[in-house]
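Numbering of ligands and ligand atoms starts at 1, following listing order.
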Amino acid sequence: MLLGDLSRSDFQHSLSPVFARLCQKLKALDLVNLPLGWQDLEEGVRMNVMEFETTLSEGKKAELHRKFVDIQLLISGQESIDYGLAQPNLALFDEYREEDDYQLTPEIEHKNSVILQPNMFAIFLPYEPHTPGNAVNNQPQMLKKLVVKVPVELLNS
Ligand code: CU
């Protein structure tokens, strides 16, 4: 998991070249006015722009992906995301949906959480479980965010 804030001029220093390039492209967008829905960030790299209300984290399942990295960027509002960095025990997850590239678990082992402010991003690598969209201080609120789906093959290019 990688964290950063696009507002900083040096945000890319902790990022590999691929993530630095994609985040630079995000920074160049008019994020607040970005239309909702799926769109291309660049050829072969899709992103989904969403608006929704955060919910309490209790009882929510965590997801992990195998073929895509998530770059989750908060545009407005506040969002808490639970995550785990330990190698996941896949026996605790349900079946992997190859088509949609996800599987779920009721519990993240050695769970941590991070609170995103607008312009902050969290990058979840394959096999890093995460539960996004959680309310901060148990106060549900509307947020706008986007998730870039980065094919893992790009990491080696
Ligand atoms: Cu995800």
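Nearest N, O or S atom of His65 to the Cu ion (ligand 1): atom NE2. No other N/O/S atom of Glu63 lies as close to the Cu ion (ligand 1) as OE2 does. Asp70 contributes atom OD2 as its closest N/O/S atom to the Cu ion (ligand 1).
Between Glu42 and Arg21, at least one side-chain N (NZ, or NE/NH1/NH2) sits under 4.0 Å from a carboxylate O, which counts as a salt bridge.
Inspection of the Gln103 and Glu63 side chains reveals no N or O donor paired with an N or O acceptor under 3.5 Å.
Enclosure of atom CZ in Arg66 by more than 12 non-hydrogen atoms of other residues, nucleotides or ligands within 6.0 angstrom is indicated.
Under the 6.0 Å cut-off for aromatic ring centres, His65 and Tyr102 do not qualify, their centroids lying 6.0 Å or more apart.
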